[in-house]
Amino acid sequence: MAITRPRMERGAFPPGAEQYGRSFLGASLIWFPAPEADRTSGLIIAGTHGDENSSIVTLSCALRTLVPELRRHHVILSVNPDGSQLGLRANARGIDLNRNFPAANWRAGETVYRWNSTAEARDVVLLTGEKPGSEPETQALCQLIHKIHPAWVVSFHDPLACIEDPRHTELGEWLAEAFTLPLVTSVGYETPGSFGSWCADLGLHCITAEFPPISCDEASEKYLKAMVALLRWQPQG
């Protein structure tokens with residue numbers, strides 16, 4: 001059986017997408033369940049920040065490239081479809097979803113980020129929400145994870161160009177080699193209310209994979225093979 005579909009057949013998704021909620025503006029929150037999910041199946045997500053598009057496109061290309069029956073893990077292309085449509089880092093209410101998860105370290109108030117990867121200061125202001133887990137996008141993802149109990153999660157972002165795996169696991173090492181990115185145990189700054197913090201509270205293994213500042217076109221060329229392999233990944237031994 002072939003591993004990949006012919007390029008001419010990659011224009012549309014194969015069937016199987018399901019809705020797990022709705023965004024603040026009413027967009028469907030879509031996930032792609034693994035065809036033959038088991039206790040080793042993980043969850044791969046992108047688009048928590050709507051302005052981080054290169055991993056969304058690359059993950060989409062990989063989903064449409066791999067023969068569907070061979071995919072072992074669940075996928076969410078865009079946690080934040082309103083932000084993706086509007087070109088926002090935040091959701092449509094100006095909430096940074098990666099500071100809104102109901103983690104023990106959640107903080108009320110403001111958070112800041114860089115305007116782009118070359119900006120010197122983190123001075124663009126977003127909010128963390130009225131309370132932890134206040135946003136429909138956050139709530140829906142938490143509910144889905146409690147429902148499917150993934151073995152692990154890989155969350156794609158940019159532009160820090162690293163693989164952050166606090167546990168320094170086999171999967172983290174594999175990702176670092178496959179995507180040719182350095183493996184680190186921390187990005188070097190606090191992330192209160194982040195998805196990773198919430199996963200840590202649950203004991204759910206979460207790896208953050210940070211692409212470098214790269215175009216969608218270059219990313220889908222450079223990382224497609226690795227992303228397809230991730231959709232099929234299984235531990236050795």
Side-chain angles (χ1 to χ4, degrees), residues 1 3-5 9-50 52-86 88 90-93 95 97-98 100-102 133-157 171 195-196 198-199 202 204-209 216 220 224 227-234:
M1 179 181 181
I3 293 175
T4 60
R5 302 165 74 199
E9 297 178 8
R10 300 176 192 174
F13 283 104
E18 296 182 10
Q19 180 175 309
Y20 68 94
R22 288 196 177 274
S23 70
F24 177 74
L25 293 182
S28 293
L29 299 172
I30 299 296
W31 72 301
F32 297 84
E36 300 290 339
D38 59 30
R39 62 182 181 81
T40 67
S41 295
L43 172 64
I44 303 163
I45 70 174
T48 302
H49 292 136
E52 297 177 353
N53 297 312
S54 58
S55 58
I56 298 175
V57 171
T58 305
L59 184 53
S60 171
C61 289
L63 264 178
R64 290 178 282 124
T65 296
L66 180 66
V67 173
E69 305 87 77
L70 297 181
R71 178 166 54 85
R72 302 191 67 253
H73 308 297
H74 312 295
V75 172
I76 298 174
L77 285 176
S78 182
V79 171
N80 180 13
D82 292 350
S84 295
Q85 183 174 5
L86 298 172
L88 295 172
N91 73 353
R93 295 196 334 117
I95 309 300
L97 297 181
N98 209 34
N100 183 245
F101 282 88
S134 62
E135 303 310 293
E137 299 91 346
T138 309
Q139 294 168 14
L141 180 55
C142 291
Q143 290 166 6
L144 179 65
I145 286 174
H146 284 306
K147 173 184 175 182
I148 66 175
H149 302 289
W152 45 260
V153 184
V154 174
S155 177
F156 280 92
H157 287 266
L171 177 55
F195 176 70
W198 178 73
C199 288
L202 295 181
L204 173 58
H205 182 208
C206 178
I207 297 174
T208 302
C216 295
S220 61
L224 178 60
M227 195 71 87
V228 168
L230 175 59
L231 294 175
R232 303 184 66 209
W233 184 84
Q234 53 187 326

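Source: prediction; values computed, not measured.
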Original post:
Can you tell me how far the OG1 atom of T48 sits from the CG atom of N98, to the nearest 0.5 Å?
Top reply: 6.0 Å
Subject >> Distance, nearest 0.5 Å, that separates CG of L144 from CD1 of I76 >> reply: 5.0 Å
**OP:** With the side chain counted from C-beta on, respond yes when S41 and H74 share a heavy-atom pair under 4.5 Å apart, and no when they do not.
**Re:** yes
Subject >> Under 3.5 Å donor-acceptor, E69 side chain and P35 backbone >> reply: no
Original post:
Hey, is the main chain of L25 close enough, under 3.5 Å, to the side chain of D82 for a donor-acceptor pair?
Top reply: yes
Subject >> Close side-chain approach of F156 to S54, heavy-atom, < 4.5 Å >> reply: no
**OP:** State the OG-CD1 distance between S78 and I45, to the nearest 0.5 angstrom.
**Re:** 10.0 Å
**OP:** Measure the CH2-SG distance between W198 and C206 for me, rounded to the nearest 0.5 Å.
**Re:** 10.0 Å
**OP:** Determine whether T138 and I95 make a side-chain contact, defined as any pair of heavy atoms from C-beta on separated by less than 4.5 Å.
**Re:** no
**OP:** Spell out, as yes or no, whether a donor-acceptor pair under 3.5 Å connects the side chain of R5 to the backbone of R64.
**Re:** yes
Original post:
Rounded to the nearest 0.5 Å, how far apart are CG of L204 and CG of L43?
Top reply: 8.5 Å
Original post:
Does any non-hydrogen side-chain atom of I207 lie less than 4.5 Å from one of W152?
Top reply: no
Original post:
Does S84 use its side chain to pair, donor to acceptor, with the backbone of N80 at less than 3.5 Å?
Top reply: yes
Original post:
Okay, side chain of R72, backbone of G42: is any donor-acceptor separation there less than 3.5 Å?
Top reply: no
Original post:
Should I145 and F195 count as side-chain neighbours, where that means a heavy-atom distance under 4.5 Å?
Top reply: yes
Original post:
Below 4.5 Å, heavy atoms only, C-beta onward: do V79 and N91 meet side chain to side chain?
Top reply: no
Original post:
Is the CD atom of E18 crowded by more than 12 outside heavy atoms at less than 6.0 Å?
Top reply: yes
Subject >> Atom pair OG (S23) and CZ (R93), whose distance is rounded to the nearest 0.5 Å >> reply: 12.0 Å
**OP:** Show the numbers, then the answer: is there a side-chain contact (heavy atoms from CB on, under 4.5 Å) between I30 and L77?
**Re:** CA-CA 8 Å; I30 299 296; L77 285 176; over 6 Å; no
**OP:** For the residue pair H73 and W233, categorise the inter-ring angle as parallel (less than 30°), tilted (30 to 60°) or perpendicular (more than 60°).
**Re:** tilted
Subject >> Criterion side-chain contact (heavy atoms from CB on, under 4.5 Å) on R71 and L63, from CA distance to verdict >> reply: CA-CA 8 Å; R71 178 166 54 85; L63 264 178; 3.4 Å; yes
Subject >> Note, Y20 side chain near K147 side chain (heavy atom, < 4.5 Å) >> reply: no
Original post:
When you check the side-chain N and O atoms of E135 and N100, is any donor under 3.5 Å from an acceptor?
Top reply: no
Original post:
What pair of heavy atoms forms the shortest contact from A92 to L86, and how long is it?
Top reply: CB-CD1, 4.2 Å
Original post:
Passes side-chain contact (heavy atoms from CB on, under 4.5 Å), V67 versus T4? Steps please.
Top reply: CA-CA 5 Å; V67 173; T4 60; 5.6 Å; no
Original post:
Do the side chains of V75 and L231 get nearer than 4.5 Å, heavy atoms only?
Top reply: yes
